[in-house]
Each structure stands twice: as structure tokens, then as C-alpha cells.
Amino acid sequence: MPTTAEDQTRPDRGGGVGVQSFEAASLEVSGIELAFGKNKVLRGVDLAVPAGQTACVIGPSGSGKSTLLRAVNRLLEPDAGDIRMGGESVLTSNPDQLRRRIGMVFQHFNLFPHKTVLDNITLPLRKIKKLTKEEAADAALAQLDLVELREKASARPGNLSGGQQQRVAIARALAMRPEVMLFDEATSALDPELVKGVLALMADLASAGMTMVVVTHEMGFARQVADQVAFMDHGVVVESGVPEKLFTAAESPRLQQFLSQVL
Amino acid sequence: MDIWSTLKDTFLDWESMRAVLPEMLKVGLVNTLILAAASVVLGTVLGMIVAVMGLSRKRLLRWPAKIYTDIFRGLPAILTILLIGQGLSPITRHWWGPNPYPLGILALSLIAAAYIGEIFRSGIQSVEKGQLEAARALGFGYSAGMWLVVIPQGVRRVLPALVNQFIALVKESSLVYFLGLLASQRELFRIGQDAAATNGNLSPLLLAGIFYLVITVPLTHLVNWFDRRLREGRPEEHEIEELAHADHR
């Protein structure tokens with residue numbers, strides 16, 4: 001069952017997103033397998049994220065982290081396993097309908113460059129949610145307020161900094177009122193000075209009670225914001241747990257080796 | 001021999017230019033514009049269909065598009081125009097009489113569609129895969145994602161090439177002359193050629209050339225205008241900005 005984020009007891013870290021409430025849903029991934037031809041990328045991944053919580057997925061390149069996110073919203077169809085949102089399996093439902101319940105933020109933002117910031121957000125609201133032009137504009141401007149970019153409404157994405165583009169991408173995803181948010185290395189393409197603002201926004205979202213799966217190389221973020229961290233390698237979750245335990249008392253040698261390289 | 005005098009008599013006979021000017025304006029220019037505009041519209045629509053078929057994941061759609069493109073790009077334009085214009089004439093004569101225009105327009109459009117299809121296809125394929133992925137992640141289906149997000153970007157990227165193709169089409173419209181035209185159907189080239197034959201100099205053809213340039217040169221500047229508009233944004237964006245600030249006040 002979806003839970004209202006206002007029920008969450010997580011302390012508010014401040015920031016505009018904290019005032020927004022979400023109909024966050026739990027997410028359970030069990031035994032997901034996915035192969036590209038003979039190359040098995042996911043070999044039975046399990047991950048359970050209670051409603052309103054944040055799971056960070058860490059691991060080396062090629063471990064299947066991004067593929068896992070795309071399997072969750074069925075941009076890539078899993079070969080086996082199950083995905084449940086709010087306790088209900090979603091693999092039998094229409095994938096387009098499913099994606100309207102799951103927001104996704106990409107490493108390279110993927111804003112539509114031929115449209116203004118405002119139009120980037122209103123396009124799905126008008127075409128998918130069937131809002132009127134005025135309703136869509138109001139909803140989009142409200143989201144831009146939350147990411148503090150209202151003044152950029154008429155700008156083209158190409159005229160924004162990477163950090164601003166990523167915040168617009170987050171606003172675009174949030175405008176669809178998702179129950180779960182997926183972040184695929186959302187700060188990896190940003191210049192170091194721009195990373196902080198996007199991470200702060202993501203932390204605000206987590207505080208506000210959004211269910212989030214965050215693929216990240218930002219170990220500090222995972223440590224501070226995540227309710228649980230999952231370490232993936234070779235297409236499986238090798239080890240998972242609360243951040244404190246995972247970062248200070250890793251059990252598997254592979255995770256210990258990984259942490260020794262990145263920390 | 002006085003070279004300047006010879007050149008002047010050949011190319012700058014003002015009297016024969018002045019004599020043919022009204023007909024060139026009223027008949028030739030109008031017919032050339034009709035031929036070119038109709039072929040541009042039909043060729044663009046067909047070209048988009050060819051491009052979408054060419055990009056399809058289904059071989060049954062992809063192969064016909066590829067074969068079509070190979071054939072119509074590979075044949076000389078005049079050959080296609082004669083084959084279609086004269087070859088189909090006995091069949092179409094029952095519908096619109098001996099008028100060569102519909103078949104001429106069809107032939108020009110089929111030729112243009114092969115090139116325009118390739119232009120569209122290259123433009124659409126140049127759009128980053130992440131764009132369709134983002135559209136799909138928002139909940140758009142494949143077709144909606146392509147039509148709303150990918151294709152508009154692809155088309156914008158190839159506007160200059162597209163306008164070049166339109167320019168080629170304006171020039172190629174003169175080839176329908178080979179289908180045999182009534183006096184009222186003559187386009188710029190044919191009128192210029194007839195007048196040149198009558199007057200014994202090429203000045204009317206030079207005048208026809210000037211008319212072609214009047215059509216084609218602004219088209220090249222249209223490309224620059226498109227580019228500028230894409231860079232600077234549309235006028236209504238300023239309205240959005242005002243709306244955003246107004247709501248803030």
C-alpha cells in the first residue's frame with residue numbers, strides 16, 4: 001500500500017522539496033535476471049525498499065547497476081524474477097503505465113533540447129496526464145519553484161549549467177507525481193562544484209519521503225542519506241545493509257576491496 | 001570580332017527580355033512555383049514515410065524503403081520523369097486528360113522523397129538514444145516518443161539539407177518540359193527557351209535564370225533564419241518568461 005510521505009519520521013533537512021508530499025510506494029525486486037544475448041548482466045538481483053526510504057546501489061562499472069534501474073521501470077524487460085510496487089507485481093501491467101508511476105533521472109539529464117525548460121515539464125503533463133496548457137504550466141512552475149529554477153522557465157536546456165539541467169530533469173520527473181524515483185548516476189556528468197546542489201536536492205527528496213533507488217559513486221551521499229546500501233558486482237547484490245555497517249564493517253572481500261579503492 | 005558586343009547581343013538583349021517578361025511572370029513563374037511547391041509537399045510527406053519505414057525494426061518495412069531509395073536515387077531524374085510522365089499517361093489520361101502536370105509532380109515527388117527520406121533518416125538517427133529513453137521513462141509509448149521528441153529534433157538538425165533539397169527541386173521542376181507542355185503550362189525554363197529560339201539569343205534564358213535565383217537565394221537565407229531562431233528561441237518564450245515573473249510578483 002502506498003504511504004503518504006508526511007507519515008515519515010525522517011528529519012527534514014530543509015530545502016523546498018521538504019514541503020512536498022508524495023504517495024510513495026514500496027519497491028521489491030526479487031530474483032531479477034536480464035541478459036543481452038549471451039551476456040548475463042543481472043543474475044538474480046534482490047532489493048527491497050520500503051515506502052519512503054532510500055536505497056543506494058554502489059559497485060564497480062559494469063556490475064549491472066544501471067541495468068537494474070532500467071529493469072525496474074521496464075525500459076529493459078527482465079528475463080526472470082519479479083518486481084512489486086506497493087506489494088503488487090508490475091511485470092504483467094502495461095510498461096508505459098508503469099513508467100508513469102516511476103520517475104527516472106539520468107546521468108546525462110536527457111532534457112529535450114528543442115523545448116524550453118517549461119515545455120520539458122509540461123509536455124508529459126499535457127500529453128500523458130491530459131492537463132490543459134494552463135494547468136500544466138501551473139504544475140510545472142510549481143515544480144520549478146521547488147528546484148529554485150522558475151526564472152529559467154523560458155530558457156533552453158543548452159543555456160543552463162549541468163547542475164541546473166539535472167535539477168530541471170528532477171523537476172520534470174517529480175511533476176508526474178511518481179511513487180518511486182530512480183537516479184542513475186545523477187551527478188557523474190557534473191563538474192565537481194555543481195554536484196553539491198543536485199545531491200542536496202536528492203537529499204531533500206529523501207527527507208520528504210520519496211521512495212528512491214540511487215545508483216551512485218558518491219559514497220558520502222550514500223552514507224548520509226541512504227537507509228540501506230546495496231553493493232553490486234557481476235550482476236548480483238553481493239552485500240547490503242544499513243550504511244554504517246556496510247561502510248565500516250563490510251563482510252565480503254569484494255566489497256572490502258571496492259571500498260578500499262573508492263574511499 | 002567585338003567580344004563585348006557579341007556577349008551583349010547574346011545575353012543582354014533588353015528588348016527580348018522586356019518582351020518575354022510579362023509571360024514569364026504570369027505563366028512561367030506561377031507554373032514553376034506550383035510544380036515546386038506541390039513536389040516539395042508531396043516529396044516531404046513521402047520522404048518522412050520512407051524515413052520512418054527505413055528506421056523500422058521490421059524488415060518488412062525496412063527493405064522496401066531501402067529498395068525504393070536505391071532505385072529513385074540511382075536513376076537520372078530525366079529518366080524517371082519520362083518513364084512516369086509518359087509511361088503512366090495512357091492510364092491517367094482517363095482521370096485528368098493529357099495534362100502532364102500531375103504525373104510530372106508525382107515523378108518529381110518520388111525522386112525528392114528518396115533524397116528527403118535519407119535526409120530525415122540521418123537526422124533522426126543522429127538524435128541521442130537517451131532522448132527516446134527519457135521520453136519512454138516519462139511514460140510515452142515508442143511512437144509518441146518518436147513523434148514528440150526524437151523526430152522534431154532530427155528534422156531540425158537537417159533543415160539546411162532539407163532546404164537544399166527544396167532548391168534542387170525548384171531547379172529540377174524545369175525537367176517536366178520534356179513531357180510536352182501546352183502554352184499555358186510552360187514553366188520558366190520552357191518560356192525562356194521558346195523566346196530564346198524566337199529571338200535568336202539567350203537573353204530570355206538569362207532572365208529565366210534570374211527568376212530561378214529570385215526563388216532559390218531567399219531559400220538559402222531561410223536556412224540562416226531557421227538557425228538563428230533555433231539558437232535564440234521563439235518569440236513566445238519571452239511571454240513564458242513574463243508569466244513566470246508575473247507569478248512571482
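We name chains A, B, ... by the order of the sequence lines, and we start the count at 1 in each one.
- Residue-environment remark: CH2 (W96(B)) exceeds the threshold of 12 foreign heavy atoms within 6.0 Å.
- Within residues 40-51 of chain B, no residue has any heavy atom closer than 4.5 Å to a heavy atom of chain A.
- Contact tally against chain B (heavy-atom pairs below 4.5 Å) for R172(A), Q97(A), Q107(A): the top residue is R172(A).
- Residue E133(B) holds its CD atom at 8.0 Å from CG of N73(A), rounded to the nearest 0.5 Å.
- Counting heavy atoms from C-beta on, the side chains of M104(A) and L138(B) never come closer than 4.5 Å.
- For the residue pair F140(B) and P124(A), the shortest heavy atom distance occurs at CZ-CA, 3.6 Å.
- Enclosure of atom NZ in K40(A) is not indicated, since only 12 or fewer non-hydrogen atoms of other residues, nucleotides or ligands lie within 6.0 angstrom.
- Proximity to chain B (any heavy atom under 4.5 Å) is shown, for L123(A), by both the backbone and the side chain.
- Around atom CD of E128(B), more than 12 heavy atoms belonging to other residues, nucleotides or ligands sit under 6.0 Å away.
- Under the 4.5 Å side-chain criterion, counting only non-hydrogen atoms from C-beta, R136(B) is not in contact with P95(A).
- Proximity to chain A (any heavy atom under 4.5 Å) is shown, for A144(B), by neither the backbone nor the side chain.
- Contact of F106(A) with chain B is made through the side chain alone, with heavy-atom distances under 4.5 Å.
- For chain B, no part of R101(A) is nearby; none of its heavy atoms comes within less than 4.5 Å.
- Residues Q131(B) and P113(A) share a closest heavy-atom pair of OE1-CD, 3.3 Å.
- Looking at I102(A), only its backbone comes within 4.5 Å of chain B, counting heavy atoms on both sides.
- Going from atom CZ of R157(B) over to atom NE2 of H114(A) covers 10.0 Å, rounded to the nearest 0.5 Å.
- Open room surrounds CG on L60(B); 12 or fewer heavy atoms of other groups in view lie less than 6.0 Å from it.
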